[in-house]
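Remarks on the structure that follows.
Every number for a ligand or one of its atoms is a count from 1 in the order of the listing.
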Amino acid sequence: MSNLLPTAENADRCAAESCPAPAVEAYPARIAELGSLKIRRLLPVRQRRVIGPWCFLDRYGPLSFVDGRPMDVAAHPHIGLQTVSWLLSGEIVHDDSLGSEALIRPGELSLMTAGRGITHTEQTPMKNTGTLNGVQLWVALPDSARHTAPSYEHRRHLPQVELSGGIATVILGDMASQRSPGSAFSSMIGAELRVHAGEMLTLPLHLLSEHAILLLDGDMAIERQPVELDTLYYLGTHRDEIALSSRTGARALLVGGEPFAETILMWWNFVARTPEEIAAARVAWEGHAVFPDVPAWHGGRIPAPAFIPRPVRPV
Ligand code: MN
């Protein structure tokens, strides 16, 4: 971890929980795999496990391909979270155990609320543009929503906030009185930001929320400090705006929300509260219970790894 700007004096305390003041902390991605696709994982990192309710962030692409299908994730389960798929280019087909099927294109929200349990697959379609570039995120569900029935939403039209120097597309949650049609269960924002070439965008933020920004392409500076690709910049709380600028134009992802009040336990594809819940979900998946098959999927199910729970944000 390196600090881009002077951080709050209680930086160590910030490292394990939401920072009670403005900060700019840089967290470089680590390389991981999603099926056969190499990805850069921005969340969780050891020092920064959740930002608002956002508990997982993978970045993949941009890549071009002639043969094969780079997004190739076989049937696997989720509980206690929402998955968000967001593309900058290319396409993905989502199928799930509710029978939902959606062809996701750039600028469209693929939002799956796992609730008490769902199975899904994500694949590059046979007919494709030969490109793939995007992010996948998870949102932790609060206790009041995590046992609900699973559901799936494909939102093709999302609100945009026109700002001096750029534009924000509201993926999930709300910004400047614009609210995404995607179901949100706690106070949050997920937005794609465009900063126009040679301009400065002043982005409105919720004062009591924490936020982070990931540069997706182009060049960008946060409060006039240049930032790197594949690095998550945590901004802390107590900001009502932040200044983003670009010489050649930039796209970036904003995630944030009110600091998540519950201690979550994240293991494999599950978000829960106790090791017993995780173990039960694992047994259910391995035993072919709770998580139905995906009707459109004729491939295998991804086996659960051995159970070694890792606490997230321990109290
Ligand atoms: Mn998944």
Quick one: side chains of residues 184-202, donor-acceptor pairs under 3.5 Å with protein atoms, not counting sequence neighbours, listed by atom name and distance.
from, atom 1, to, atom 2, distance (Å)
E192, OE2, W86, NE1, 2.9

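Below the 2.8 Å limit, the Mn ion (ligand 1) has as protein N, O or S neighbours H76 NE2, H78 NE2, H120 NE2.
Residues F291 and R301 share a closest heavy-atom pair of O-NH1, 3.6 Å. The shortest non-hydrogen separation linking F270 to I278 is CB-CD1, 3.8 Å.
Salt bridge status for R69 with D72: absent, with no side-chain N to carboxylate O gap under 4.0 Å.
Ring planes of Y152 and H94: parallel class, angle under 30° (limits at 30 and 60°).
One N or O on the side chain of D219 and one on the backbone of R247 form a donor-acceptor pair closer than 3.5 Å.
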